[in-house]
Amino acid sequence: MSGNLSVGIHDLSFSTTRFVLTHATLAAHNGTDIGKYHAGIGQRSMSVPAVDEDIVTMAAAAAAPIVARHGTDRIRTIVFATETSVDQAKAAGIHVHSLLGMPSATRTVELKQACYGGTAALQFAIGIVHRDPSQQVLVIASDVSKYELDNPGEATQGAAAVAMLVSADPALVRIEEPSGVFTADIMDFWRPNYRATALVDGHESISAYLQAVEGAWKDYAEQGGRALDEFRAFCYHQPFTKMAYKAHRHLLQNCGHEIDEARIARAIGLTTTYNAEIGNSYTASVYLGLAALLDNADDLTDQAIGFLSYGSGSVAEFFGGTVVPGYRARLRSGPHREAIARRQPVDYDRYRELHEYSFPVDGGDHPAPKETTGPYRLAGLSGHKRIYEPR
Ligand code: HMG
């Protein structure tokens with residue numbers, strides 16, 4: 001690592017889908033008390049992709065404003081994290097590279113470890129910038145969370161992409177060393193290659209997450225990290241927003257702190273505002289939490305933020321970051337709020353239709369209906385190839 005070089009998140013932008021299903025609509029269909037969704041799991045609505053939207057179109061929409069602001073001269077690497085991969089061989093980031101007209105002198109790769117993949121991408125990007133501080137890395141985390149209809153996980157679906165530019169002397173958040181890391185072989189949530197929807201042991205997955213929080217924090221402390229009290233706020237992976245509260249309470253108890261709900265709300269509350277409307281976006285979730293915090297909090301200059309990234313299976317990482325003076329001038333709060341507000345609500349039948357839709361797999365020409373209002377779309381499948389285009 002190069003001395004005291006400061007490396008971190010220089011820019012951050014996210015996108016989500018055209019459609020949205022409210023939990024009120026889902027509750028009216030399945031007879032669930034709305035209190036379970038709104039208060040119990042802390043979710044209000046979930047983003048639902050149109051037929052011509054997927055991880056690539058969301059990723060390109062998230063990354064385009066970053067490329068427009070900073071150019072591509074210094075970006076020599078794209079790391080795309082996802083667990084909703086559209087191909088077993090080709091990296092989804094190559095489609096993004098092409099849609100955004102990026103130079104051929106770029107290395108592009110895809111990473112996977114459930115929801116933790118976005119953090120792996122961020123940490124690997126930081127390593128690359130330490131090796132050569134003149135380079136920037138485009139990190140993209142993009143996912144569609146999909147469970148079977150009428151499964152308890154259904155209420156925790158969602159979709160979004162976060163794009164981050166990682167560079168030396170970042171304008172938003174300096175990422176600190178050390179990191180606390182944790183791996184345990186557990187089948188709490190998984191998706192075999194032949195399935196479009198995830199399998200999950202819901203309550204087991206919550207225990208696995210809490211165990212991983214404990215493990216990652218223990219390692220963070222052993223590596224000489226900050227004390228818990230030093231953090232102004234905590235961005236947790238949010239499969240549903242109440243999970244962040246559960247995790248934080250667990251961490252406080254584990255560290256022998258008293259449970260003060262007002263303090264917990266102050267440390268977590270603002271990080272949940274986007275996730276409560278978007279739903280689980282897997283790899284993007286922690287960084288939607290960061291976007292919500294930066295966009296909506298009063299001045300956070302020089303404040304420390306704790307990050308806890310969890311991916312089922314399982315891997316977790318705890319690390320800290322410091323908010324950089326002047327960060328507010330670089331935020332994208334308006335477009336972020338607009339991306340959530342402009343989604344079009346769908347009724348239950350339309351949601352079900354979108355949920356059940358899949359392209360034929362016969363290798364024929366299968367154009368996708370023009371539905372998205374985003375800047376890029378999946379034009380269709382032809383000869384088993386996915387064809388993308390600007391809208
Ligand atoms: P469930 O079992 O149907 O719900 O599904 P529940 O009965 O546990 O109720 C949920 C909460 O609502 C409870 O609160 C209830 O008390 C409360 P808690 O006890 O937990 O504090 N509740 C109410 N509150 C107010 N008014 C009411 C009411 N009724 C109940 N009327 C479950 C919940 C999370 C299991 C389900 O949604 C699920 O399976 N989700 C998918 C898995 C998941 O999200 N796991 C989280 C940890 S794993 C993870 O984060 C990784 C992941 O993102 C994947 C990856 O890494 O790639 C999933």
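Order of listing sets the numbers, starting from 1, for every ligand and every atom in it.
Within a 6.0 Å sphere centred on CZ of Arg44, other residues, nucleotides and ligands contribute 12 heavy atoms or fewer. More than 12 heavy atoms of other residues, nucleotides or ligands shown are found within 6.0 angstrom of CZ on Arg69. Enclosure of atom CZ in Phe124 is not indicated, since only 12 or fewer non-hydrogen atoms of other residues, nucleotides or ligands lie within 6.0 angstrom.
No side-chain donor-acceptor contact under 3.5 Å links Tyr236 and Ser309. Between the side chains of Tyr348 and Arg352, at least one donor-acceptor pair of N or O atoms lies under 3.5 Å. Ser85 and Thr82 share no donor-acceptor pair across their side chains, judged by distance under 3.5 Å alone.
Of the protein's non-hydrogen atoms, the one nearest atom 29 (N) of ligand 1 is Lys36 CB, 3.4 Å. Considering only non-hydrogen protein atoms, atom 20 (O) of ligand 1 sits nearest to Lys246 NZ, 2.4 Å. Nearest to atom 50 (O) of ligand 1 among the protein's heavy atoms is Pro239 CG, 3.1 Å. Protein heavy atom in closest approach to atom 8 (O) of ligand 1: His203 CE1, 2.9 Å. When only non-hydrogen protein atoms are considered, atom 43 (C) of ligand 1 lies nearest to Ser205 OG, 3.7 Å. Closest to atom 51 (C) of ligand 1, if we only count protein heavy atoms, is Ser312 OG, 3.1 Å. Here the heavy atom of the protein found nearest to atom 39 (O) of ligand 1 is Gly202 CA, 3.5 Å. Of the protein's non-hydrogen atoms, Ile41 CG2, 3.9 Å is the one closest to atom 10 (C) of ligand 1.
A 4.5 Å side-chain heavy-atom check between Asn280 and Gln157 finds every atom pair outside the cut-off.
Here is the list of ligand 1 atoms found below 4.0 Å of a heavy atom in Phe240: 34 (C), 44 (O), 46 (C). For ligand 1, the atoms lying closer than 4.0 Å to a non-hydrogen atom of Gly153 are 38 (C), 39 (O), 40 (N), 41 (C). Heavy-atom proximity to Glu83, at under 4.0 Å, picks out these atoms of ligand 1: 55 (C), 57 (O). Taking every non-hydrogen atom of Tyr147 and a distance limit under 4.0 Å, the qualifying atoms of ligand 1 come out as 41 (C), 42 (C), 58 (C). Within ligand 1, the atoms closer than 4.0 Å to a non-hydrogen atom of His237 are 49 (C), 50 (O), 51 (C), 52 (C), 53 (O), numbered from 1 in the order shown. Counting atoms of ligand 1 from 1 in the listed order, those under 4.0 Å from a heavy atom of Gly311 are 56 (O). Listed by number with element, the atoms of ligand 1 under 4.0 angstrom from any heavy atom of Gly35 are 24 (N), 25 (C), 26 (N), 27 (C). The Thr156 neighbourhood of ligand 1 comprises atoms 37 (O), 40 (N), 41 (C), with distances under 4.0 Å to a heavy atom of that residue.
Considering only non-hydrogen atoms, atom 52 (C) of ligand 1 lies nearest to Cys115 out of Cys115, Ala316, Ser314. Of the listed residues (Gly40, Ser207, Pro152, Gly117), the one carrying the non-hydrogen atom nearest atom 36 (C) of ligand 1 is Pro152. If you check each of Val200, Val315, Thr283, Asp33 against atom 42 (C) of ligand 1, the one with the closest non-hydrogen atom is Val200.
Between the side chain of Arg337 and the backbone N or O of Gly334 there is no donor-acceptor pair closer than 3.5 Å. With His70 contributing its side chain and Leu165 its backbone, the two residues share no donor-acceptor pair below 3.5 Å. Gln113 places a side-chain N or O within donor-acceptor distance of the main-chain N or O of Ser312, the cut-off being under 3.5 Å. Of the possible polar contacts, none joining the Tyr282 side chain to the Ala159 backbone as a donor-acceptor pair under 3.5 Å is found.
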Side chain to side chain donor-acceptor pair (under 3.5 Å) between Gln223 and Ser179: does it pass, once the steps are laid out?
CA-CA 7 Å; Gln223 301 296 319; Ser179 270; over 6 Å; no
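Shown here, atom 32 (C) of ligand 1 is out of close reach of the protein: none of its heavy atoms lies under 4.0 Å off.
Minimum heavy-atom separation, Ile128 to Thr77: CD1-CG2, 3.9 Å.
When the side-chain hydrogen bond (donor to acceptor under 3.5 Å, both in side chains) test is applied to Arg342, no partner is found at least two apart in sequence or on another chain.
Judged by the shortest distance from any of its heavy atoms, Tyr116 lies outside the 4.0 Å radius around the atoms of ligand 1. Residue contacts with ligand 1 do not include Glu154, since none of its heavy atoms lies under 4.0 Å from the ligand. Judged by the shortest distance from any of its heavy atoms, Ala155 lies outside the 4.0 Å radius around the atoms of ligand 1.
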